[in-house]
Structures are given as structure tokens and as C-alpha cells.
Novice: 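Have a look at this one before I ask anything.
Computed from heavy atoms alone, side chains included, the values below leave out hydrogens, waters and symmetry copies. What you see is a predicted model; the values in this text were computed from it and never measured. Every chain is numbered from 1, with letters handed out A, B, ... down the list of sequences.
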Protein chains: 2
Amino acid sequence: MTVTETHRPLTLLPAGSVACMTCGARSASVCNAVEERDLRLLEGAAEKIRIAPGAPFMVEGAPADCFFNITSGTARLVKLLPDGRRQVTGFADAGRFLGLAATERFGFGAEAIDAVTACRFSRKRLRGLIDDVPLLERRLLASASSELAAAQEQLLLLGRKTALERVASFLLERQAALPVCRGGDETVSLPMGRGDIADYLGLTIETISRTLGMLKTRGCIAVDKASEIRIRLPARMRALAAGED
Amino acid sequence: MTVTETHRPLTLLPAGSVACMTCGARSASVCNAVEERDLRLLEGAAEKIRIAPGAPFMVEGAPADCFFNITSGTARLVKLLPDGRRQVTGFADAGRFLGLAATERFGFGAEAIDAVTACRFSRKRLRGLIDDVPLLERRLLASASSELAAAQEQLLLLGRKTALERVASFLLERQAALPVCRGGDETVSLPMGRGDIADYLGLTIETISRTLGMLKTRGCIAVDKASEIRIRLPARMRALAAGED
DNA sequence: CGACGTGTTGAAAGCTATCAAACTTAGTGG
DNA sequence: CCACTAAGTTTGATAGCTTTCAACACGTCG
């Protein structure tokens with residue numbers, strides 16, 4: 001899929017001060033390395049921002065002078081080829097920390113899918129925070145390890161799985177990503193469009209659609225709203241995702 | 001490619017004591033976080049091992065109770081599907097630290113390609129070492145960030161690049177990986193076989209061979225020994241790798 | 001109501017995989 | 001030293017999965 005869309009000029013809107021105490025994403029993020037009595041340190045180092053659906057807030061190749069912690073919504077992480085081909089390297093939900101870079105520049109871009117709110121830290125301030133809260137570095141390492149494992153799993157998917165296996169894997173992954181989802185555990189909500197899924201799975205929009213249709217025909221899933229899918233045969237799906245058929 | 005080979009029973013041979021002072025891989029590894037006067041700490045925490053060509057030394061899914069630091073040779077990192085399909089998630093050269101896992105078990109396996117020597121640390125000893133040398137944690141984080149960036153680049157390759165672009169990217173990556181290679185900067189040595197390259201690039205042995213043949217025909221490379229390739233038109237290769245043609 | 005973005009469905013083309021065989025290299029033993 | 005063997009690599013023909021191109025359906029919104 002090639003990228004042609006133009007996006008809104010307003011990408012980052014200040015949205016009030018940071019309130020870690022009441023932040024729903026804190027327990028799921030690296031911020032939980034900071035004890036409650038030290039939360040003021042955290043609040044002082046960050047600013048809250050709001051990103052409109054579709055808008056980018058990290059640009060691949062731009063100087064990596066800040067970091068983000070998603071507090072609500074979902075973002076897509078993207079890498080581009082010069083001719084416009086796009087790879088979505090991941091989806092970032094609430095609690096995800098973004099921007100750790102070994103180099104001076106971001107290795108990937110990030111764009112809001114639905115309405116996203118996030119905390120932004122400057123590079124310098126994060127450094128200071130790490131010096132004050134050594135545990136933070138340990139959490140960042142754990143977070144990076146976890147992301148690395150996820151990326152390697154995705155390498156296996158992209159390198160060796162069929163379209164059916166990829167789509168089944170994706171749905172299960174999204175199901176697991178959702179924190180105690182409402183409406184029954186079998187419901188998977190998909191804020192991203194088919195194009196995002198296609199670019200995440202190394203396929204095309206049409207193949208995503210066809211494969212979902214096949215899963216529906218087989219009775220593995222039910223597609224209610226295109227953005228809401230129910231997994232009806234979890235065991236069958238797990239077998240498909242692993243290529244055991 | 002499916003895996004059928006059986007491997008040698010002897011995978012790990014003690015090979016004398018650890019001598020960090022004279023270790024050629026130290027400067028390129030996380031070990032350089034340890035100052036010279038503290039190297040005895042490092043030596044006490046590790047043991048030197050030797051792995052025969054083809055032999056595995058980390059098994060995917062096995063308890064992650066130890067870590068490795070490659071000191072010479074090259075290893076392949078592999079993930080498997082139940083039916084034997086294989087993805088090589090990376091190649092580990094001298095200086096590479098292996099085994100950081102967010103979970104209790106290794107997310108991938110590692111096998112020696114040529115003769116490999118490495119230092120092995122137990123999980124507990126590494127923890128102690130990190131407590132003694134806080135800088136080590138920072139280096140591990142930098143190392144993980146760097147690996148993550150590499151993995152994301154590989155996601156782009158596997159998801160969106162053509163066979164020609166993948167092979168060109170691979171050769172350039174290998175060239176960059178070599179530390180000041182002898183025999184002219186244009187020579188790339190490939191200790192891994194075509195099967196490993198295929199499983200790394202999400203292709204087949206035949207496609208690797210055909211694509212290398214095409215690059216040779218176009219004058220981009222010269223294939224001397226199948227394990228030794230010279231890049232004759234670096235600019236052209238970089239353009240191919242980025243898909244700019 | 002019609003335009004538009006998004007998603008679905010259909011037919012044909014293309015790239016890579018699969019199957020098969022020839023070739024090369026390295027190692028072994030006569 | 002050379003024949004022999006085995007593994008790895010290259011080359012060729014065919015098949016298959018996914019892409020591409022195209023048309024249609026659906027829902028939203030002006």
C-alpha cells in the first residue's frame with residue numbers, strides 16, 4: 001500500500017497538566033517505577049498532549065529529542081520506503097513508551113489512529129528522571145526486551161507465515177493486548193483500518209478482507225462491524241496462527 | 001525451508017578461563033561498561049565456552065537461566081514453527097550479547113555457524129554484576145534499543161521489499177557489520193550458508209541463488225567463493241536496497 | 001440525494017515457491 | 001594423486017499464493 005493521504009496541520013495540542021495520580025495508564029507503563037510520593041518528579045518532566053485521529057506525532061528520521069507515553073487511544077508505528085511502500089511495525093496502546101532510540105534520530109514514525117492522548121518528555125528531562133529514579137532504567141530495559149521479543153515474533157510472521165496464519169495471529173495478538181475487554185473476552189476491537197492491518201501483516205487490503213471472509217465462512221470468527229470481531233473458535237484460531245493445519 | 005538436520009551431541013565445551021584483558025570482543029560489547037580495574041568481577045561471573053559449527057547453544061522455549069556474549073565466530077538466531085518452517089531473526093557476531101529476555105524462557109534459539117567462542121553468565125551472576133556496575137544496565141539498554149531498531153528495519157524488509165531489494169539490503173548490512181574488513185572494503189564474507197540467508201530474508205535457497213546471479217549479471221557484485229562476495233557498485237546496491245529503481 | 005471514504009468481491013497477472021536435475025566444492029580413502 | 005561421495009549451490013520448468021486492477025456495496029456526511 002502506498003501512502004497518499006495529507007494530514008491535518010494541528011498535530012499536537014496541549015491538553016492541560018499531567019496528573020499521574022489519576023492516570024489510568026500508569027499501572028501498565030514504565031511510570032509505575034516511580035513511587036507515589038515521587039510522582040511530582042514525573043509530572044514536572046512531562047506535558048500532556050492530544051493528537052487528532054490520523055495525525056502524526058513522531059516522524060521517522062527526525063531528531064529524537066523527545067519521548068512519549070501513550071495514555072489513551074492507539075497509535076500506529078510506521079516505516080516508509082522512498083517510493084511510499086509502508087510497513088506498520090506495531091500498534092501502541094495505552095501504557096506504551098515510545099522514542100527510545102539508539103541513534104540520534106527516530107527509526108520509525110508514529111501516527112494516531114483514533115484520538116490519542118500522551119505524555120511528552122524531553123530527552124534531557126527523561127535523563128534527569130532516570131538519574132533520580134534508577135528503577136526507571138530497569139523498567140525501560142524490560143520494556144525494550146519485551147518489544148524486542150514482539151518484533152522477533154513478527155519477523156517469524158512476516159518471513160514464514162501464510163496470509164491465513166498472519167491474520168489469525170493478528171486477531172489473537174489484539175485480543176491479548178486488550179486489558180480485560182468488556183463485551184465478553186471473545187470480542188476484539190480493531191481501531192485501525194484494513195490498510196493499517198495490511199501494512200502490519202505485509203499483505204494487501206484485499207487479502208485481509210478475503211482472509212477475514214474465509215475465517216468467517218469457517219465459523220472461526222464473526223464480523224459485526226468491520227472494527228469489531230468476535231473470536232468464536234479460539235482453539236482453532238490458535239492452531240491456525242501456529243500453522244498447525 | 002524446513003529443518004531436518006541432526007546436530008552433534010557435544011554443544012558446549014569449557015575452553016579455559018575468561019581473560020577479559022586480552023579479549024578482542026570487549027571493546028565491541030557491553031563488557032566495556034566495566035572498567036579495567038573491575039574486570040576481575042566480570043571474569044568471575046563468566047565462563048568461556050566453545051561451540052562446534054552447527055551446534056545449538058540456546059534453545060527456543062528453554063528456561064532463560066543464562067546469557068552469552070559472543071567472543072568470536074558467528075551464530076544464527078532462529079525461531080521455529082511447529083511444522084519446521086524456520087525464521088532466522090538475526091546473525092550474532094563477536095561482541096553480541098544474547099539472552100536478555102522479558103520472559104522466563106528464551107524467545108529464540110541460537111546455533112553456531114562457524115566455530116564460536118562465547119562467555120556464559122548465569123542469570124543470577126549477571127544480576128549481581130549489574131548491581132556492582134550500574135553502567136552495565138545502561139549499556140544493556142542501549143544494546144537492546146539497537147537490536148530493536150535492527151529488528152524493525154528487518155520488519156520493513158520482510159513485509160515490503162522484493163527479493164532483489166532484500167538480497168541487496170542483506171549484503172550491505174553484512175558489509176557494515178564487518179569491523180574494518182581486510183581485503184578491501186568491498187569484500188563481504190558470508191560464513192552462513194544459502195539456507196540461513198534464505199531463512200533470514202524470508203525467501204528460498206533457490207531465490208537467493210537466482211538473485212545473486214542477477215546482481216552478478218548486472219555487474220553489482222562479484223561472487224568469488226559463494227561465501228565471499230565483492231560489492232562492485234555500492235551506490236547502485238544502496239539504491240536497490242532502498243527500492244529506488 | 002450524491003459524493004466520498006472504506007470495505008468487499010471478482011478476474012487476471014506476477015513474483016516467488018516448489019519440484020527436479022545438473023553442477024561445484026570439499027572431504028575421504030584407495 | 002585422483003576417484004569417489006556427500007553436501008551445498010546453481011539452473012530450469014511448473015505451480016501456487018498473493019497482488020494488481022476493477023467493479024460493486026456500505027455507511028457517513030455535506
Novice: D:dC17 P sits how many Å from A:Leu201 CG, rounded?
Specialist: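 The answer, rounded to whole Å, is 19 Å.
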
Novice: If you round to the nearest 0.5 Å, how far is CZ of B:Arg210 from CG of B:Leu203?
Specialist: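 Separation between the atoms: 11.5 Å.
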
Novice: Counting N and O atoms only, with roles assigned by atom type, does the side chain of B:Glu165 sit under 3.5 Å from a partner on the main chain of B:Ala242, one being a donor and the other an acceptor?
Specialist: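 Looks like no, no N/O pair under 3.5 Å.
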
Novice: In whole angstrom, give the distance that lies between atom CD1 of B:Ile229 and atom P of D:dT9.
Specialist: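 The answer, rounded to whole Å, is 11 Å.
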
Novice: Look at B:Thr207 and C:dA17 and indicate whether a side-chain polar atom (N or O) is within less than 4.0 Å of OP1 or OP2.
Specialist: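 Yes.
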
Novice: In whole angstrom, give the distance that lies between atom CG of A:Asp224 and atom C1' of C:dT8.
Specialist: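 One finds 16 Å between C1' of C:dT8 and CG of A:Asp224, rounded.
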
Novice: Would you kindly give the CG-to-P distance between B:Leu212 and D:dG8, to the nearest whole Å?
Specialist: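 Rounding to the nearest Å, CG of B:Leu212 and P of D:dG8 are 17 Å apart.
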
Novice: Check whether any side-chain nitrogen or oxygen of B:Thr204 sits under 4.0 Å from OP1 or OP2 of C:dT16, and answer yes or no.
Specialist: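 Negative; the distance criterion is not met.
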
Novice: Once the angle between the rings of A:Phe67 and A:Phe97 is folded into 0 to 90°, is it parallel (under 30°), tilted (30 to 60°) or perpendicular (over 60°)?
Specialist: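 A:Phe67 and A:Phe97: parallel rings.
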
Novice: Please confirm whether any donor atom in the side chain of B:Arg210 sits under 3.5 Å from an acceptor in the base of C:dT18, or the reverse.
Specialist: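 Check passes, donor-acceptor contact within cut-off.
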
Novice: Of the listed nucleotides (D:dT10, C:dC19, C:dT8), which one gets closest to any side-chain atom of B:Glu206?
Specialist: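 The listed nucleotide nearest to B:Glu206's side chain is C:dC19.
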
Novice: Could you tell me the separation between the NZ atom of A:Lys216 and the P atom of C:dG7, rounded to a whole number of Å?
Specialist: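 These atoms are roughly 14 Å apart.
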
Novice: If you check the A:Ala163 side chain, which of D:dT9, D:dT18, C:dT16 turns out closest?
Specialist: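 The closest nucleotide is D:dT18.
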
Novice: Of all the heavy-atom pairs spanning A:Arg194 and A:Ala226, show the shortest one and how long it is.
Specialist: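 Shortest heavy-atom separation between A:Arg194 and A:Ala226 comes out as NH1-O, 2.7 Å.
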
Novice: Just the rounded figure in Å: distance from C1' of D:dC17 to CE of A:Met214.
Specialist: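 That distance rounds to 11 Å.
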
Novice: Starting at CZ of A:Arg85 and ending at C1' of C:dC15, how long is that distance when rounded to a whole Å?
Specialist: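 Roughly 13 Å, once rounded to whole Å.
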
Novice: Nearest of C:dT8, D:dT18, C:dT16 to any side-chain atom of B:Leu203?
Specialist: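 Within the option list, the nearest is C:dT16.
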
Novice: Rounded to the nearest Å, what distance is computed from the CG atom of residue B:Asp196 to the C1' atom of nucleotide D:dT9?
Specialist: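 Interatomic distance, CG of B:Asp196 to C1' of D:dT9: 14 Å.
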
Novice: Hey, is the main chain of A:Arg85 close enough, under 3.5 Å, to the side chain of B:Arg160 for a donor-acceptor pair?
Specialist: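 Checked: no pair found.
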
